[in-house]
Amino acid sequence: MTAAVLTNALRKNNHHAEVDKQLQSLKERAMSGEGGEPTLLAKRQRAEKLLDGLRLPNKNDEEWQFTNLTELKEIDFATAKKISLDAASAENFYLPEAKQSRLVFVNGFFSAELSNTSDLPENIVCGSWNLLPPNKQEKLADYLAQREDGEDVFSTLNTAGLKDSAIVWIPANIELATPIHCLFLTVVDPTPVLVQPRLLIVAGANAKVTIAESYGAISTNCTDRPQQQPYFNNIVSEIYLGENAQVTHIRNQRDSGDSFHIATTAIAQAKQSRYKLIDINLGAKLSRHNLAMTQQGEATETEFLALTTLAGRQVSDTHSTIALNHPHGVTNQLHKCIVDEYSQAVFSGKVLVPQAAQLTNAQQLNRNLVLSPKARINTKPELQITADNVKCSHGATISQLEADEVFYLRSRGLNDYDARHLLIDAFAGEILDQIPLPSLQGRLRQCISCRTI
């Protein structure tokens, strides 16, 4: 072995040792601190063992080649502590449509004082895992962390530190008209902290529910603006739909502009179930959303709609996988990004259509609007098809505001600023119009208007 080859090998080994050391530090933080029901102990121990064979990803990993985690790895995060908030600090995040159907977690800890579920029927379970009676925990244990396979280091880290979880369980044959709001807040502090929220949603056969999942920061300025005080939100959401169940899921990410937001959303759909996700990403310095749907029965309907708006040096990365395993599945994915200044958006979407998934109808489109010559887009829509009787399409577009469209609007009396904003609003509106909660839709329109041009 030459001296150059030996030097490179030593550097590689030292790099892996450093990565393992960083993961060990996060693992220690995740497993320390307050809380933790004994019923979760076995799940934590299994995840802890799985972590021993994992490392934090780097840009040599294909799935992370466009997302640099160096800055996250350089920060020594402390364990998040339980903090009491007064209602005035959190009420700006509340949704009037869910005034009495709201769960609030602060720094990963359930806040009974800020939560209010008085408008929900008694047969609906909505609360903290740690406060559930043993018979409810026993039934829900079949769902919580059951899909943890040790392939993703961040979801495994979340399970290794699992101390509580937000629970929404809609029994069979219940159609809930009132939306449920699951609100996860982080208190910005000079000491960087690791926060690990968890959400479990179970919709029984023939159940119907609308759920809003929101993330934000308690700070002095606009929640998603930089505060020079980073934190790390490492999130896992698990969603199970029984036969013929229907779930509308609005996910709103407005973490602090100095934060790191890495999330896994795993959906399992039984026969003839219908799942719709509206995913809005505005906050965080670096965000990553790993989104996966597994089809567990035929004739399912799945819709992924997403809007990401970035500015400054923000980076947002969405990796999605739709795994179809049965016939007559229908999927529609529309992922939109607006990037300004020096920001970067990454999209990688896989739709898997094996031989068993005949008569599938799968559509996937990534559309991107670039507002600055320094902004970047990396996109990779992907279909993997072995079935021979399907209707599938995928594509991606990257464009700027069209000069002739701006000119046309200006010729009708609008100034340049208003003309450009009208076009941006129209681009974003295709996703925002799908949000069934008027108050949230209005807030997000205002946020996007403030952040662009």
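Just so you know, these numbers use all the heavy atoms, side chains as well, and skip hydrogens, waters and symmetry mates. All figures in this text were calculated on a predicted structure; none of them were measured in a lab.
- Using modelled atom types and a 3.5 Å distance limit, the side chains of Gln364 and Asn366 yield no donor-acceptor pair.
- Between the side chains of Asn206 and Glu175, not a single donor N or O lies within less than 3.5 Å of an accepting N or O.
- Between the side chains of Asn281 and His289, no donor-acceptor pair of N or O atoms lies under 3.5 Å.
- Looking at heavy atoms from C-beta onward, Pro179 lies out of side-chain contact with Leu95 at the 4.5 angstrom threshold.
- A distance-only check finds no donor-acceptor pair linking the side chain of Gln296 to the backbone of Ala268 [under 3.5 Å].
- In this structure, Tyr215 and Phe184 have parallel ring planes: the angle between them is below the 30° cut-off, well short of the 60° mark.
- A 6.0 Å sphere centred on NZ of Lys276 holds more than 12 heavy atoms belonging to other residues, nucleotides or ligands.
- Using modelled atom types, one finds no donor on one side chain facing an acceptor on the other under 3.5 Å when comparing Glu113 with Ser84.
- Applying the side-chain hydrogen bond (donor to acceptor under 3.5 Å, both in side chains) rule to Ser259 yields no partners; only residues at least two apart in sequence or on another chain are considered.
- Under a cut-off of 6.0 angstrom, the local environment of CD in Glu62 is sparse, with at most 12 non-hydrogen atoms contributed by other residues, nucleotides or ligands.
- For Ser256 and Asp258, the side-chain atoms include no donor-acceptor pair closer than 3.5 Å.
- Among the candidates Leu334, Leu305, Leu277, the single residue satisfying the side chain to side chain contact (heavy atoms under 4.5 Å, CB included) test with Gln434 is Leu305.
- Atom OH of Tyr143 has 12 or fewer heavy atoms from other residues, nucleotides or ligands within 6.0 Å.
- For the side-chain hydrogen bond (donor to acceptor under 3.5 Å, both in side chains) test, no residue two or more places apart in sequence or in another chain qualifies with Thr264.
- Looking at Val168 and Cys182, their side chains come closer than 4.5 Å, going by heavy atoms from C-beta outward.
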Next on the checklist: Quick one, Leu369 with Leu371, criterion side chain to side chain contact (heavy atoms under 4.5 Å, CB included). Give me CA distance, side-chain angles, the key distance, then yes/no.
Outcome noted: CA-CA 6 Å; Leu369 182 60; Leu371 302 179; 4.0 Å; yes
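- Side-chain N/O atoms of Thr331 and Thr302 include no donor and acceptor closer than 3.5 Å.
- When every heavy atom of Phe110 is checked against every heavy atom of Ser115, the shortest pair comes out as CE1-OG, 3.3 Å.
- The line from CG of Asn58 to CG of Asn60 is 4.5 Å long, rounded to the nearest 0.5 Å.
- The backbone N or O of Glu341 lies less than 3.5 Å from a partner atom in the side chain of Ser372, making a donor-acceptor pair.
- For Glu71, the side-chain hydrogen bond (donor to acceptor under 3.5 Å, both in side chains) partners are Lys285, not counting sequence neighbours.
- Of the possible donor and acceptor atoms, one in the side chain of Ser343 sits under 3.5 Å from a partner among the backbone N and O of Asp340.
- Using a 4.0 Å cut-off between a side-chain N of Lys or Arg and a carboxylate O of Asp or Glu, Arg412 and Asp418 do not qualify as a salt bridge.
- Annotation for Gln65: atom CD counts as buried by contact number, over 12 foreign heavy atoms lying within 6.0 Å.
- Rounding to the nearest 0.5 angstrom, the gap separating the OG1 atom in Thr360 from the CD atom in Gln358 is 7.5 Å.
- Within the structure, ring pair (Phe, Tyr, Trp, His ring centres under 6.0 Å) pairs that include any residue of residues 335-371 comprise His335-Phe347 (at least two apart or interchain).
- Formation of a donor-acceptor pair under 3.5 Å by the Gln314 side chain with backbone atoms of Ala311 is found in this model.
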Item to check | side chain to side chain contact (heavy atoms under 4.5 Å, CB included) evaluation trace for Leu307 with Leu444 | outcome: CA-CA 11 Å; Leu307 175 66; Leu444 293 174; over 6 Å; no
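- Residues Glu97 and Ser439 bring a donor and an acceptor atom of their side chains to less than 3.5 Å of each other.
- Of all heavy-atom pairs between Pro381 and Ala396, the closest is CG-CB, 4.0 Å.
- In this structure, a donor-acceptor pair under 3.5 Å is absent between the side chains of Tyr231 and Asn107.
- Side-chain atoms of Val315 and Asn68, non-hydrogen and from C-beta on, never get closer than 4.5 Å to each other.
- Here the straight-line distance linking atom CD of Gln196 with atom CZ of Phe232 works out to 7.5 Å at 0.5 Å rounding.
- Rounded to the nearest 0.5 angstrom, His394 NE2 and Lys380 NZ are separated by 10.5 Å.
- Side-chain contact check for Gln269 versus His326: every heavy-atom pair is 4.5 Å or farther apart.
- Looking only at distances, a side-chain donor or acceptor of Asp164 sits under 3.5 Å from a matching main-chain atom of Trp129.
- The environment of CZ in Arg445 is crowded: more than 12 heavy-atom neighbours from other residues, nucleotides or ligands sit within 6.0 Å.
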Next on the checklist: For Leu199 and Ile235: C-alpha separation, side-chain torsions, deciding distance, then whether side chain to side chain contact (heavy atoms under 4.5 Å, CB included) applies.
Outcome noted: CA-CA 8 Å; Leu199 173 61; Ile235 302 144; over 6 Å; no
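- A distance of 9.0 Å separates OG of Ser237 from CD1 of Ile267, quoted to the nearest 0.5 Å.
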Next on the checklist: Does Glu303 form a salt bridge (Lys or Arg N to Asp or Glu O under 4.0 Å) with Arg274? I'd like the steps, not just the answer.
Outcome noted: CA-CA 8 Å; Glu303 192 168 15; Arg274 297 172 298 283; over 6 Å; no
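- Applying the salt bridge (charged side-chain N to carboxylate O under 4.0 Å, His left out) rule to Arg367 yields the partners Glu430; only residues at least two apart in sequence or on another chain are considered.
- Checking side-chain atoms of Lys43 against main-chain N and O of Leu144 turns up a donor-acceptor pair under 3.5 Å.
- Between the side chains of Asn234 and Asn158, no donor N or O sits under 3.5 Å from an acceptor N or O.
- Residue Asn368 holds its CG atom at 8.0 Å from OG of Ser399, rounded to the nearest 0.5 Å.
- No side-chain heavy atom of Ser287 sits under 4.5 Å from any side-chain heavy atom of Asp255.
- Looking only at side-chain heavy atoms (C-beta outward), Phe154 and Val236 stay at 4.5 Å or farther from each other.
- Proximity of a side-chain donor or acceptor of Gln441 to a complementary backbone N or O of Leu432 within less than 3.5 Å is detected.
- The side-chain hydrogen bond (donor to acceptor under 3.5 Å, both in side chains) pairs that include a residue from residues 179-193 are His181-Ser214, where partners are two or more places apart or lie in different chains.
- In terms of modelled atom types and a separation under 3.5 Å, the side chain of Lys336 and the main chain of Phe427 share a donor-acceptor contact.
- Two residues are said to be in side-chain contact when any heavy atoms from C-beta on lie closer than 4.5 Å; Phe260 and Ile75 meet this criterion.
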Next on the checklist: Does Gln344 form a side chain to side chain contact (heavy atoms under 4.5 Å, CB included) with Val346? I'd like the steps, not just the answer.
Outcome noted: CA-CA 7 Å; Gln344 176 189 5; Val346 181; 3.8 Å; yes
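- A donor-acceptor distance shorter than 3.5 angstrom exists from the side chain of Ser111 to the backbone of Leu114, with no hydrogens or angles considered.
- In this structure, Pro197 and Asn233 have side chains that are in contact, with non-hydrogen atoms separated by less than 4.5 Å.
- Between the Glu382 side chain and the Ser348 main chain, no donor and acceptor come within less than 3.5 Å of each other.
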